[in-house]
Amino acid sequence: LWGVQQSTFEITFCHLPFQSKWLYIGTERGNIHLVNVESFTLSGYTIMWNKAIELSSKAHPGPVVHISDNPMDEGKVNITNFYVLLFFCHSHSQAIHSVAWHHEGKQFICSHSDGTLTIWNIKSPAKPVQTITPHGKQPKDGKKPEPCKPILKVEYKTTRAGDPFMIFSGGLSYDTVGRRPCLTVMHGKSTAVLEMDYSIVDFLTLCETPYPNDFQEPYAVVVLLEKDLVVIDLAQNGYPIFENPYPMMIHESPVTCCEYLADCPVDLIPALYSVGSRQKRQGYSKKEWPISGGNWGLGTQSYPEIIITGHADGSVKFWDASAIMLQVLYKLKTAKVFEKARCKEEKPSTEIVDEDPFAIQLMSWCPESRMLCVAGVSAHVIIYRFSKQEITTEVLLEVRLQYELNDLESPEGGGDQTPAPPTPSTSPSPQTAAPQTYTSTSSNSSDGIRDNIPCLKVRCSPLKQSPGYQVELVVQLVWVSGEPPQQISSLAINSCYGLVVFGNSNGLAVVDYLQKTVLLNLGTVELYSSNDPYQRQLRSPRKSRQPSGGLICIQTWFSSIIDRAHIYEHSEPFNSTPLDRCKSPTSVGALPFCVFLSTVLLSVCPPRGSIPLDNRDNSFSRSRSSSVTSIDKEAREAVTSFHFCETYNRKADGGLTPSLWVGTSLGTVLAISLNMPPAGEQRLLQPVMVSPCGTLVRLKGSILRMAFLDSTGSLLPSAFEPWYEPNAPANGEERDKARKRRPVSVSPSTSQELNENQYAVVCSEKQAKVISLPSQTCVFKHSITETSFVLRADVVQMNTGICVACFCANGHIMTLSLPGLRPLLDVNYLPLTDMRIARTFCFTNLGQALYLTSPTEIQRITYSQEVCENLQEMLGELFTPVETPEAPNRGFFKGLFGGGAQSLDREELFGESGAGKAPRSLAQHIPGPGGIEGMKGAASGIVGDLARARIALDERGQKLSEVEERTAAMMASADSFSKHAHEKMLKCKDKKWYQF
C-alpha cells in the first residue's frame, strides 16, 4: 500500500513481533535491519553480525535464517544464522533451519540439516540439554543414529492440561525412498506422521492466544502445500483435516481446456451439486473451518454461471462461478472407461502420446439436456448422459471407426494417362451389395504394422456408474497401415437431433448416439463434391508403397441397459459405396495417409440399419501441380467448427430444414442436410438421412464460429431436448412428455416485410460476414485484423443486444455489433505470451470472459459496462478488525520480584530520535498508488458503505457491552482486595517488627 523498499542486499528472513510496528529483516550478509511498517521508513538501527558474536569467532556465520524474541524479555532477540546461533554465540556442527521458543523463555528448540532436534537452556548455553532424532534408527551399540533428511521448520506449543506439541516438517530417514512429504506431530509419547499430496512450503500452528509468553493451547495446523492448503485438527484423535470450502484442487491435474457458461438453467447447479456431494470423501473433522478472517464482497449478478475444466488425467470438473469464489460441484473421471496398464511393460504400444493418454482436448455441452461430449488426445470421443440414479453397465458400447483411401497410381514412365475414377454405386444400402473378399484385422499384422486397432482399450468388465454423468457411447479412431489416427480438432453435440459430429485434419464423422450408428464419414474433399475450388488431385506425387484396396471393420458392443439391444458383431466383409482412393500429396518418400472413418452403417436392429448415402460425383481434375507444398496445404484441409441449426441450405429452399454447417481451415463453410424421422418411438426405428449440400460461403482464414439470427436480428439458439431421467421406467409419462424438441420459429409477417428469413453470422481468423438466407448474399462484411489473427470468437448475448467478441493473437479484445458488424470495442488487453492463454480463452454471455493466466490461476474478465459499474461493491475485505485478547495475568509476586515478561520501547530504540536516519544508499523507497485510506476511498460504494456502517455499529455495541462487563468485574475485584487488605491490617497492627 505504501510502496516498495528496493534494497541493495538480499533478504533471507523477516520477523514482525506481536503488537509491534517494527519489522526485523535478515539479510544474506548476516545483518539485521528494521523497517517501520506504518510509515515504511528504514531505521538507522542495524544489528551487525560482527557485533553480535564473540570476538573469538571471526568466521562469517552465514545468512540469517531465523529471528525471534524471547517471550519473556523483548529486549533479547534470538538471531539464527545458517551455522551459528548468535544469541548464545555457540557454534553447531549441523546447519540450523529454524528455532522455536518455550513460552516461559527459558528453553528453545532448534531443527538441523541432519534431521535432529536440539533443546537448549539459556542458563547453560555450552551444550544442548537434549538431542532428538525423531525418525532416525537408534543403534543398539549406543552410537549416534543415522542422519536423516533436514527438518526445515519446527514449532513448540504448550498446553495447560497436558503435554506440549512438537510439530515439524521433514526429518524422514533417507531409506524412505519415494515417500511423500510429511508433517510430524509429537504429543507426549505419541508420534503421528501425516503424509501430504504435495511438497510442504510452510506451516503455521493456530493457537487460542496470540501472546507468546502464555500457554498457547494449539488447536489446528495450517499447512501450505505447492498446490493445496490443508488445515489439520489437533483436538481430535487421528488428526483429521478440515473440509476445505475453497477450490484448492483445481490444479491437482493440469488444466487442458475450459468452457465458461453464464445464464445457465436455474436447476442445473442444484442438480450437479446433489450428485457431486456424494463424491466427497469421509473422515473430515466435525468442526467448522477455523479460519474466519476477511469478508466477501457482494456479488451483483443474479444469474447462474458454470465453469467446466478438462484436465490431463482425463477428469472433467464443474464449478459454480455465480459467487465471488469458485465452488466445485461435480467431478467426472473419463479414464474409468478404459483399461489402465498396471506397469510400464503393460502399456500398449498403440498410444499416440507418451504421457497423459486420457487428457481432455475438446468439450461440447448442452446445458438444457445435460448431454456432455468430450474428445481426448488419443482420438477418442465419449458421450455422457446425466442421470440421478446409479446403474451398472455390464458391457460398454464402443464403435471403432476408420476411413481408408486407396491410391490411384499414375502410370509408370510419367505419361499423361490417368486411371479412370471408380464409378459411384447406386446401391441404396451398403449391406445390399455383393461382398468382396476381405479379411479384417484387429491387431498388429505379421510385419509389425499396427492396423485397425484403437489407441486405448475399452474395459470389458462391468462398470458401476454413480449418479451423475454416465457413459452412453464410446467412439475411437483406429490405426491404419501403421499410421496413427489424427487428433480431433472440432466437436459438437445436439440433443434435439441425437447426433454427435467431430472432425480432424482429414474429414468429419456424424454419429447417431440414439441408434448407435455411423451416419456419415467423409474426407473434407468429398464435401465439395464436384465443386472443389482447389481442384485437388486424389493421388500422391509418387507411387505408393502400400497395396491398394481395403475397406473397414467396425466392431460394436451394445450395453445391456439399452432397450431392444442385441449383442451383435458385424465383421463380415461387404461392399459399400465406393471409396475415393487417394494418397496425401506430400513430399517424396511419405507413406500414404489415412482419412478417418468409413461409410459403414450399423444399427441396433440390423434389418433396419441400412442408411443410404447420396451418390457422390468422384470426377476430379487430374492436372499436376508444380508445387508440392501448395498441394499439401490444400489437401490437408481440416474441419475447425460445427453448428447445428434449422435453416435454408439452398437458395431454392422454401422452408427451414435441420442442418449441420461445417467450417474448415481454408475458410470454407459447407452445409449438410439432415432428414430427421418423427420424434418419439419412430426416432429410434427410422434412420436419419444425411446429404452434403456443397459450399455456402468463403472467408479469409480458418472458420472459428457460426451463428444464426432471425429477421429482427435476435439470436437463434440451436434446438435442444429438455432433460429427462434416462433410467426412468420405459412407460413413464415423464419420458414421453420430455422427448419433444424445442421449435425454432420465425415470424412470417416480419419475414415477408424484409423479404428475408434468416441471417448467418460467420467469423474466421481474419474476417466476419453476415449472410442473408436463403438468398446466400453477403449483407455485411468486416475485416477484423490484417497483421494478426483471431484466436477465439464467440457470438454472445448482452443486456442490450448481441455481438461478436474476438480475442486476437496481438492481445486485442474486439466486439462487433450484429447484424451490422460495427466495431464497438477495441482494447489492447493481453499479448499472447503463453499457449495456455490461447487454449483456454473463452467468451460467454453478458460480457464476461475467462482464461488461465498461469498453471495455478484462472483469470475472469469483463467487457460489460454494467458489470464494471458494480466492481467496487464486489471487492472484499482482506482483514476483519477484531478486539485484541486480554494479556496474560503476570501475578502479584511476579510483578513484585520482576519474574514476568519485560517489555521493550522499540520506538525509543529504533526511532529516528534514538537511532537516526538510515543511509540513503541502503534502500530506495518506491511509492505505491496510495495508502490504506486511498484504497478504502476507491473501494467505497453505496452497498459497501452501508455494510461497513452496519458492521461498525454492531462492533460499537459489542465493545460498549464488554466495557460495562469489565467495569463491573473491576469493581468487584477492588471490593475483594479492599476487604483482604483490611483483614491483613487488623491482623498485623499489634505485632512488632521482630514477630514477622
Side-chain angles (χ1 to χ4, degrees), residues 1-49 51-52 63-71 74-81 86 98-99 201-202 204 210-212 222 224 291 293-295 297 857 871-872 875-885 903-940 944 948 951-952:
L1 297 177
W2 287 96
V4 179
Q5 285 283 1
Q6 185 176 1
S7 60
T8 58
F9 45 80
E10 182 179 348
I11 299 174
T12 57
F13 194 85
C14 293
H15 170 62
L16 182 64
F18 178 61
Q19 291 184 322
S20 172
K21 62 181 179 180
W22 291 98
L23 175 68
Y24 295 84
I25 299 178
T27 67
E28 61 176 347
R29 301 177 181 176
N31 304 327
I32 295 181
H33 304 273
L34 294 106
V35 174
N36 191 319
V37 295
E38 292 183 355
S39 61
F40 217 66
T41 56
L42 196 63
S43 172
Y45 191 95
T46 304
I47 303 176
M48 309 299 292
W49 70 269
K51 296 181 180 179
V64 177
V65 297
H66 179 84
I67 306 172
S68 60
D69 296 317
N70 188 319
E74 297 178 354
K76 297 179 181 179
V77 181
N78 188 329
I79 307 168
T80 305
N81 290 63
L86 296 183
S98 67
V99 177
V201 178
D202 197 3
L204 177 67
Y211 294 96
V222 182
L224 177 64
I291 304 174
N295 291 319
E857 182 181 6
L871 281 180
Q872 301 300 330
L875 293 178
E877 295 182 357
L878 183 59
F879 300 103
T880 304
V882 295
E883 185 179 359
T884 304
S903 61
L904 172 66
D905 189 355
R906 294 187 176 89
E907 182 64 30
E908 181 181 356
L909 181 61
F910 303 144
E912 185 176 345
S913 59
K917 294 184 178 180
R920 293 185 177 181
S921 60
L922 189 62
Q924 179 184 0
H925 183 201
I926 304 176
I932 299 178
E933 287 75 12
M935 288 293 295
K936 288 184 178 179
S940 63
R948 280 189 288 270
I951 294 174

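If you're wondering where the values come from, they're calculated on a predicted model, not measured in any experiment.
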With rounding to the nearest 0.5 angstrom, report the CG to OG1 distance, N31 to T12. 10.0 Å
So, using side chain to side chain contact (heavy atoms under 4.5 Å, CB included) as the criterion, who are the partners of V222 when residues are at least two apart? L206, L229, V231, I291
Sorted by chain and number, sequence neighbours left out, salt bridge (Lys or Arg N to Asp or Glu O under 4.0 Å) with E857 holds for none
Contact summary for G26 and V64, nearest pair of heavy atoms: CA-CB, 3.9 Å
Geometric class of the F13/H66 ring pair [parallel <30°, tilted 30-60°, perpendicular >60°]: tilted
Kindly compute the distance separating CG (N36) from NZ (K21), expressed to the nearest 0.5 Å. 5.0 Å
What heavy-atom pair brings P212 and P71 nearest, and what distance separates the two atoms? O-CB, 3.4 Å
Taking all non-hydrogen atoms of both residues, which atom of T884 and which atom of Q19 are closest, and how far apart? CG2-NE2, 3.3 Å
Heavy-atom side-chain proximity of T41 to V35 below 4.5 angstrom: no
Side chain to side chain contact (heavy atoms under 4.5 Å, CB included) partners for T880, two or more places apart: N295
Quick one: does T27's side chain have a donor or acceptor within less than 3.5 Å of a partner on I11's backbone? no
For the atom pair CE (M48) and CZ (R29), what is the distance rounded to the nearest 0.5 Å? 8.5 Å
Where do I32 and I67 land on the side-chain contact (heavy atoms from CB on, under 4.5 Å) test, with the steps shown first? CA-CA 9 Å; I32 295 181; I67 306 172; 3.7 Å; yes
Suppose we screen for side chain to side chain contact (heavy atoms under 4.5 Å, CB included). Which residues come up paired with S43, at least two apart in sequence or across chains? W22, L34, Y45, F910, A915
By side chain to side chain contact (heavy atoms under 4.5 Å, CB included) - contacts of P17 (at least two apart): H15, S20, Y24, D69, R906
